[in-house]
Every structure is written in C-alpha cells, then in structure tokens.
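First comes the structure, then the notes that go with it.
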Amino acid sequence: MQADQTRRFRGKNKAPKWTKPDDGIVSVMVLPLAVTDPADLDRLEKLFGSMWSIKRAVQRDARAKVDAYWAAKHEREHDGAKVARQRLGLSREALERRAYQHLEDAGHLKHHATKALAMHMADEVWNGVSRHLFADNSGRRHGRPKVGRWHDFTRVPGRARSHTTANKWETFRLVGTLQGHAMAYASCGRHELMQPHRMPKPTAPTGRVPTGKLTVSAKPATRKATWWDHTGPLAVVFAGGPNSSRGDLVLPVRVPQGPKQYARVEYFLSDPGRWHKVDLVRRRKASAPGGWSYDAHLMILGPGYASPTVWEMRRTAAELDRIGGVDGNVSNLSIVSFPASLDPADGCPKSSEIVLAEEERARLGKEEKKQRGRTRALERSRRATNATQYGLSKRQARRAERRAATGLPGKKVTIPGGARVTRSDGVPKQAFHRDRLSNGYQELRARQTEAAASAAEYRRHRARAVARDIIAVHGPNLTVEDCDIRTWYRLWGNRLSQTTPGMLIKALEIECQAAGGRLMRASTWSTALSQHCLCGERVTKSLRDREHKCIACGLVGRRDLVSAALAAFVDLADPDDPKTATLDSARAWHAQIIFAEGLEEALRESTTPSQSAPRGAGRVAVPRQRGTSAHRTVGKRSEQPRMRHAPVRDHTGKPGYRPACSPQLTSGEVRIKS
C-alpha cells in the first residue's frame, strides 16, 4: 500500500485559548537602541533587507492572486467567492506558506531571517489584502494591494511571547531588569542615569544555575545559564537565522531619561511578566551611520501610562455634571457646555475657542519656508545628477539662441530648468525611481523626513494637551457633528493637513472615553446646527457668514459657538448611529431663556479659564515652542467680527473669507474669560 505523501499539519490545540487581560488593551513604549558596533549595524541592515525581500515577494504573490480572483467572475457567481479564494490561496495560512517557500528558495535569507519572522510578515500582508476583499461595516473596501517601497519599510514585527509556557519568546526578546540597568548606569542606583553614547553590550550569563529540583542521587540539579538568567542592563536579543553562524545579536537599550520620565519607565519596565512583544523599527536620521536610527517597540499588556496629574484631571472631569457641544472647523474649534440640570444654581454656560496665536503663525511660516527650501534643494540635486532627463527652461533656451546668433560658443548647463523629457504620449522616458541620486540628496531627504516626523509628533502631542484642557472645563460628555474630513480636503486642499482637525477631534474622543464619558457624533443632515437658532428658528447662512443673527429672538453671536451650543441639545436614539440624531429645540430655547445674558456673552467670546498645556513630544526631538500659547483674558468683542484672512472663493464660486486657510490647528491661543 502506497504511503500518503501529502504534507500534514498540526491540529488545533485542545487547551483553552489564552486571552489578553484588561479586555485586550495593550500599550507600546519606544526604547531607543544604542547600535554603535559596525558589525551589529551590518547585521541589522541585512535583517531589514531580508525581511523586505520576503515582504515584497509575498506582496507580489498577493497582488497576482487578487487580480485572478476578480477576473474569475463566473467562478465566483457559480461556485461562490469562498471556493475561488481557496483555489487561489487567498487566505492567511496560504500566504504564510508562500512566505515559508520564499525563505526556503532563497537560501541566503536563512542567514538573517527566521520562519517566525516570515510568518508575521505574511500576516501583515494579509491584513491589507483582507481589507480589500471584505468590506467594513460602512460597505467600503480598501484599494488594490500594492508593492511597497524600500524607504517605507520601517518595521519588522516580532512574535508575541508565550504567557502559558515559561521562557518561550521566539523572535526578538527583551532581557535584563530595570534594577540591573539602574545599578549599571546610575552608580548602584544612587544617582540619575548616566548612559554613555557607546553603551557596552551585555554578555550572556555563563556557568550553571540551580533548577530547584533534585537528581536521582538527591543532589541539587543544575542547568546551563542562558539569557533568561540575565539580570543586568536591558538589551534586545535576536538569535539570528537558522543558518546564522555569528551568534546572538545583542542590542543595548537606552532607557529614556529626563524630567518626570522615570515614573513612566518604571511603569513599563518594572514587571517583566507584562512584556508581550518586541518589534524592531527604524526611522530616518541623517546624523546616524547609514542614515537610519533603530528603536525597539515594547508592547505590554495593559493600558498606557498616565501621570498622577492626568489621572486627577480625569477624575475631576468625570465628576462634572455638564453637557456640551463641539463645532469643528478647518481653522478653529469651538466648545460650549451647560449644566446638565439647566439650573443656574449649578453653574453657568461656558465656552472655549481654540484658535491660532500670532507667534505660532510666524513660527509655522518659518517652518514652511524651510520646507520649501529643502524641496527646491532636492529638485536641484535631482536635476543636476540627471541632467539628460530634463530640457532647458525658456530663459536658458533664449540665452543659448542669443549666444549662437552672435557666434559665441554654447555654455554648458549644469542644472536644466525645463520640463522632464517625455515620450509622445506625455510619459517620462525614464521613471523617477531609476534616477541617480547623490549622497547629498540622500542626506537632505533624510533631514526632511526627520523634520516631518518631528512636526507630526508635535501635532499629536498638542492635540492630546488641548483635549485634556477641554474636558477639564466642559466635562467628558460632548457631542460633535459627524463631518467627513475628506470633503474638507476637496474644498481646501492640502492646506488642511496643517490644521489636522480630525486629529484634534480624535484626541478629544479618546480623552472623553478615558474620563468615563463619550464623544457622540450627530449627523449634519438631520440636525443642521449651523442653520438654526437656539429659539428654534431657521437662520440660513452661507460659508462666508461667520456671525449668527436671529431676527426672531435677536440673538447675536459667533456662528461656530452657536452651533456648538446647539450640539449640546442633540439627542441620539442609537448612540452608535449618527443618523438617529435629532435636535431638542425645546430644551435649547429653555436654556436660552434661563441663562439669558450669560449665554449671549458666552456665544460672543470664550468664557472659561485657560489650562496650561504640557510640553514635550515623546521620543522625537521637538524644538521648544516658546510663545506659542497666548493664554489671556479677552473682553467683549464688537458686534461686527474682525476679518483676519484675505478674501478667497468658497465652493460656490462666490468671494468670501475662509478661516480654513490659517495654518496648523493647535492650542496656540485659547481665548478665555471667566
């Protein structure tokens, strides 16, 4: 009888499946790696190169399978989509086997990568493919999967450690203890951390350690010491590929240090039992050898760290019995809140407006000028290195004609200023990714990427700071209109990427949830907050009308503040469905009558005290932002609003003033009066 030659796989585990505690909440800490040894740097670069080769190969396979899946229309209609996917191998397990095959076929990859790393890289590719094949709850699909670029490949995912089996961490593992790190770099823990630039690599433990058991002859049993017995300075260890003969790759960890950093470090690193997974991440840094700096992203089980001040602020905000509304604009954010009981004895209406200070505008103008200079320098470098791919500009062509007419020899043009040389159909003769790039271009491009990452980290930090200030005054129960930010991008273009209103609203949603409340979203179709008054009358306004004037009740105020006040009285039959939102005009009118002058004053200007926004922006170096927070008390403004922007054209083609054209949206100026 012929033996079955088909490959067999291990069946399902019969033990109960381990689940993450705390409802599956995890958090990540960035640990910089002190890679100063040229040999270790070479191994890291080859590791990233090998993983990029595997990922690119799996991406190409997935792309071809997806194209074949959509081409098999009759098969999907006749046999079903699942049958077609199984035949083509469009599944997580099939892509993992393809990654294993690529690892086996290319023998040199085994010197650097492992099977576990290839499996998790295939899982990442499958996540993108599944978002394309299967629609989300709103019925949207992601685009056709593409093959990424080398410079966009920045992360090698590790495998999660086993929390049911001792000493099982198959890929990158963090060894050592925080106490051992402090003993080594803080003079036995008596002083602050003094970590040198060139940190020595910890050595693997030697000798034998007791196992706690007895041998047959009743003697204490011992075993050979391994990295699991290392209690010294922290380090990330990787055993290398199956064919690697260079031993373990040991990367010393540089613990973040600075004011108020040790409490956060202790929260993440004091309990090794919470360590879950380590990923290797690289980021562009022009001053680093090779142009890349390497970090270890440590994932722990549980929520992230919050300082005692933040916990106290959230606890105080949770006790505020207030309802509020938020009006998100392209250049500012308006918040108005009322006591939940609508009783003047419980408090008065409060309003806050987040706009941009003049100092912040000046700083952003300088940053934009630097960015334009870097872009022009990159373009000049590309043109000088690939002069044959560009034509002469009109000015250069006229000069050449004048010299030829007078009999002078032609002058050599080192940097042509004309358009790209193209074919008859307008396609460039040479693709841009085939251009030769100089070392100066690479260094300048790295500095540009580094500056962009610093600015993005600063915006995220400021968004979190502004969100905390808002809930500390208005409470965690807020309502905002459910706007599509993509529509704003179509109207105002890339300028909106500097204001990031979506980032600010998302940070506000996270802070509301952390304080025990919720930021609910209301549909603009069923409420039309910007077109109504608190008295219930409809007040039609165009985009250029920035002031609200109601003829019926005489209420005059800023358009954004009035919309935010109306948002506080929106009811949702289903909090998860913005389409079920309705405006309770009776309560809004009641609040207008009860609070009277106090409400009108709040709708004219901010009326809540300012909060000090913390500074600092995590691991990315951010320049000190002096003079960016102009916290002050503002009196009553005149009835006629002051125009701050040059006239532009709105989406209807009519000229008007558009506050969306201001730069970045931060808490640059919180205009407030108590």
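A quick note: this is a predicted structure, and the numbers were derived from the prediction, not measured.
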Ring geometry between Y267 and Y305 (parallel below 30°, tilted from 30 to 60°, perpendicular above 60°): tilted

What is the minimum heavy-atom distance between [X] and [Y], and which atoms define it?
| X | Y | answer |
| --- | --- | --- |
| A472 | M313 | CB-CG, 3.8 Å |
| H532 | T527 | ND1-O, 3.6 Å |
| E600 | V556 | CG-O, 3.9 Å |
| P349 | F595 | CD-CD2, 3.4 Å |
| R383 | G418 | NH1-O, 2.7 Å |
| I471 | A317 | O-CB, 3.3 Å |

By side chain to side chain contact (heavy atoms under 4.5 Å, CB included) - contacts of A456 (at least two apart):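 A456 satisfies side chain to side chain contact (heavy atoms under 4.5 Å, CB included) with R459, R460 once adjacent residues are dropped.
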
Atom [atom1] of [X]: over 12 foreign heavy atoms under 6.0 Å:
| X | atom1 | value |
| --- | --- | --- |
| E537 | CD | no |
| W70 | CH2 | yes |
| D425 | CG | yes |
| Q531 | CD | yes |
| E77 | CD | yes |

Distance in Å, I335 CD1 paired with L478 CG, rounded so as to fall on 0.5 Å steps: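 Interatomic distance, I335 CD1 to L478 CG, rounded to 0.5 Å: 8.0 Å.
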
From M520 atom CE to T479 atom OG1, the distance as rounded to the nearest 0.5 Å: 4.0 Å

[X] and [Y] ion-paired at < 4.0 Å:
| X | Y | result |
| --- | --- | --- |
| R283 | E450 | no |
| R315 | E312 | yes |
| E547 | K541 | no |

R314: partners by salt bridge (charged side-chain N to carboxylate O under 4.0 Å, His left out), with sequence neighbours left out: E511

Donor-acceptor contact present, side-chain H297 to main-chain D279, <3.5 Å: no

Expected output: side-chain R76 to main-chain Y69 donor-acceptor under 3.5 Å: yes

Residues E359, R363; criterion salt bridge (Lys or Arg N to Asp or Glu O under 4.0 Å); working and verdict: CA-CA 6 Å; E359 295 83 357; R363 188 190 67 83; over 6 Å; no

From CA spacing to verdict: side-chain contact (heavy atoms from CB on, under 4.5 Å), T582, V570: CA-CA 6 Å; T582 56; V570 169; over 6 Å; no

Worked check of salt bridge (Lys or Arg N to Asp or Glu O under 4.0 Å) between D67 and R144: CA-CA 9 Å; D67 293 343; R144 180 169 169 248; 2.7 Å; yes

R420 to F432, cation-pi by 6.0 Å centre distance and 45° axis angle: yes

Any pair counted as side chain to side chain donor-acceptor pair (under 3.5 Å), so long as it reaches residues 559-579, sequence neighbours left out: N329-D560, R518-D576, R546-D560

S542 and D545: side chain donor to acceptor below 3.5 Å: yes

